Amino acid sequence: MLFTSTTQFAVLGLVLIAGWLFGLASHPGGRKWRTRYSTERDAHAAQVKDTEAKLSAARDRIAELEKENHRLASAQPVAAAPVVERASYRPVASSAARPAYPAGERRGWFDFGNRVTTHG
């Protein structure tokens, strides 16, 4: 057995208490951990509050859309206006269109040299 006498048990208790007191004396006091904990607690509370606000807004929007859907389902159909045909149709772009190159002349790559075309 390691400890057999009362003196050895007394020394063991004294060393245990001395170690405990030395640990308390050398501990920074937990200030750093308390500030980190309070910061994390505040961030969590803000996140929960934000999530609840978004969830409430989403529920309100769902209720609004369901009301609108019910209103549209029970509404009378709207008659479409008849399409009126124009008497004359003239394309707008035909008068402003012009060829990219003169007739009978077709330019080569990058406008270098003329290529003569046989058709068109």
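Predicted, not measured: the structure shown is a model, and the values here were computed from it.
More than 12 heavy atoms of other residues, nucleotides or ligands sit less than 6.0 Å from atom CZ of R41.
Note: I17 CD1 to L12 CG = 10.0 Å, rounded to the nearest 0.5 Å. Distance check: Y37 OH to D42 CG gives 10.0 Å after rounding to the nearest 0.5 Å. Between the CD1 atom of I62 and the CG atom of N69 there is a distance of 12.5 Å, given to the nearest 0.5 Å. Atom CZ of R71 and atom CD of E68 lie 4.0 Å apart (nearest 0.5 Å). Here CG of D60 is found 9.5 Å from CG of L55. Values are rounded to the nearest 0.5 Å.
A salt bridge is absent between E52 and K49: the closest approach of a Lys/Arg side-chain nitrogen to an acidic carboxylate oxygen does not fall below 4.0 angstrom. Between K67 and E64 there is no salt bridge, since no side-chain nitrogen of the basic residue lies less than 4.0 Å from a carboxylate oxygen of the acidic one.
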Inset, instruction - Take R36 and E40 through the side-chain contact (heavy atoms from CB on, under 4.5 Å) test and state the conclusion after the steps. - result: CA-CA 6 Å; R36 285 184 183 177; E40 184 65 28; over 6 Å; no
